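Below: one structure, written as structure tokens.
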2 protein chains.
Amino acid sequence: MARPRQFDEEQVIRAVRDQFWDAGYAATSLEDLVRVSGLGKGSLYGAFGDKHRLFLRALREYTDTSGGYLREMLTSAPRALDALRAFVMAPVNDPGGAAARRGCLMANSTYELATSDPDVLAEARRTYEATTAVVAESVGRAQDEGDLPRDVDPVETARALLAAQQGLVFMGRTGLDIDTLTATARTLAAKLLPDA
Amino acid sequence: MARPRQFDEEQVIRAVRDQFWDAGYAATSLEDLVRVSGLGKGSLYGAFGDKHRLFLRALREYTDTSGGYLREMLTSAPRALDALRAFVMAPVNDPGGAAARRGCLMANSTYELATSDPDVLAEARRTYEATTAVVAESVGRAQDEGDLPRDVDPVETARALLAAQQGLVFMGRTGLDIDTLTATARTLAAKLLPDA
DNA sequence: GGTTTGGTGGACCGTACGGTCAATAATTGC
DNA sequence: GCAATTATTGACCGTACGGTCCACCAAACC
């Protein structure tokens with residue numbers, strides 16, 4: 001055997017992910033990555049490959065983590081309708097609005113890179129489809145529980161909810177104050193998820 | 001007097017705007033701008049200043065133009081409710097879905113630069129507020145025409161419609177096919193703008 | 001403890017970028 | 001036609017970037 005790694009791979013990926021999240025892909029230099037990871041350039045390359053592969057790895061970490069949160073959010077509430085409300089409200093579920101201003105790493109990356117980077121586009125589609133599927137499942141449950149009308153297509157409703165949520169994320173990125181954003185989130189939730 | 005300009009300023013700005021629109025700010029090099037404008041580097045600098053100022057100029061051209069389209073769209077329909085439907089459906093109002101994939105230059109720029117560029121953030125807020133205002137005006141008209149209930153706040157409704165529209169733009173950027181996107185747009189319009 | 005294996009880190013490299021500048025060209029007023 | 005003024009061009013510059021490489025080092029096995 002030989003010398004073992006002196007760093008925690010997951011910890012480095014999380015630090016790198018946060019850097020990309022805050023500054024975007026192009027605006028993050030290798031020097032930034034060296035700084036936040038605490039590793040040297042050589043180690044970074046040896047362990048993760050070049051900047052692009054490192055970014056994809058960080059992006060995957062993000063989608064895995066937030067995918068986990070999403071499943072938890074959708075299954076933890078006693079009633080599926082409440083879980084769907086929480087899903088729409090998620091972008092404003094942060095007192096200071098810091099999360100709203102930071103936005104969603106997947107959305108940020110899609111806007112920055114989807115037209116030029118097939119790997120990012122593929123990851124975006126994968127995440128989008130997975131999210132639609134799990135939300136649609138909750139819509140179905142809400143129907144079973146008698147909280148949503150039976151005459152709507154769960155997948156179609158899920159897409160509308162996802163669009164609403166991402167629209168809120170966009171408005172958060174424009175720096176809209178958190179109170180106004182919260183009010184809009186409530187309006188959207190009320191219109192798309194009527195009590196009937 | 002001296003030698004006159006040999007190019008049409010507006011034409012150059014539009015070409016530059018399209019380049020930024022397709023590739024984003026960071027991914028557009030000065031060489032790209034020279035190519036699409038047909039001017040030399042020096043001329044570009046002499047006429048418009050550096051890359052950042054040129055970008056702001058192109059962005060302003062975009063917001064002015066699409067602001068004009070917006071006003072036209074909202075005032076041309078006989079009934080304000082139809083105009084609001086058209087507003088929500090605007091991102092999919094393109095047969096091939098090319099416009100949907102390209103997205104909105106203002107949104108693209110907000111996602112790429114809002115956290116690091118105060119000028120872009122300010123322009124985003126300005127555009128966002130102007131759009132909210134004109135849409136809210138149409139919501140008020142729809143209320144006057146008896147097509148929307150009186151008990152909703154026009155500004156709040158306008159924000160929800162804008163969020164829905166931008167959510168559709170996001171889904172278009174993930175490469176979602178135009179038919180599915182159109183269906184989702186219809187769902188959102190139906191839920192947010194009931195016939196009653 | 002010697003040898004082997006792989007990790008580490010920073011010096012180094014080529015390049016492509018944004019930006020500058022000086023020489024030249026085109027127009028106007030006299 | 002000459003002077004004055006401004007547009008045009010592309011060669012040129014400094015720099016910061018992503019990426020490579022190699023000398024050194026630490027653990028593991030015999």
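Chain A is the first sequence line, chain B the second, and so forth, proteins listed ahead of strands; every chain is numbered from 1. The structure displayed is predicted, hence computed values, not measured ones. Values below: all heavy atoms of this structure, side chains included; hydrogens, waters and symmetry mates excluded.
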[options]: which one has an atom nearest the side-chain heavy atoms of [X]?
X	options	result
A:Q6	D:dG19, D:dT8, C:dT8	C:dT8
A:S29	D:dG18, D:dT8, C:dC17	D:dG18
B:D50	C:dG19, C:dT8, D:dG19	C:dG19
B:S43	D:dT9, C:dG18, C:dC12	D:dT9
A:L30	D:dG18, C:dG19, C:dT8	D:dG18
B:K51	D:dC17, C:dT8, C:dG19	C:dG19

[X] [atom1] - [N] [atom2] separation (whole Å):
X	N	atom1	atom2	value
B:E9	D:dT8	CD	P	11 Å
B:E31	C:dA16	CD	C1'	9 Å
B:D8	D:dA7	CG	P	15 Å
B:L44	D:dT8	CG	C1'	12 Å

Just say parallel, tilted or perpendicular for the rings of B:Y111 and A:Y111, cut-offs at 30° and 60°. parallel
Parallel, tilted or perpendicular: which describes the rings of B:Y62 and B:W21, with under 30° parallel and over 60° perpendicular?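 Rings of B:Y62 and B:W21: perpendicular, as their planes differ by over 60°.
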Report the C-alpha distance between B:F55 and B:F20 in whole Å, list the side-chain angles of each, state the deciding distance to 0.1 Å, and finish with yes or no for ring-ring contact (aromatic ring centres under 6.0 Å, His included). CA-CA 8 Å; B:F55 176 72; B:F20 281 129; 4.8 Å; yes
Please confirm whether the shortest side-chain N or O distance from B:K41 to OP1 or OP2 of C:dG19 is below 4.0 Å. no
Give, for atom CZ of B:R57 and atom CD1 of B:I13, the distance between the pair rounded to the nearest 0.5 Å.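 Answer for the CZ-CD1 pair, B:R57 versus B:I13, is 4.5 Å.
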Checking all strands, does B:G46 fall into the base, sugar-phosphate, or nothing category for heavy-atom contacts under 4.0 angstrom? nothing
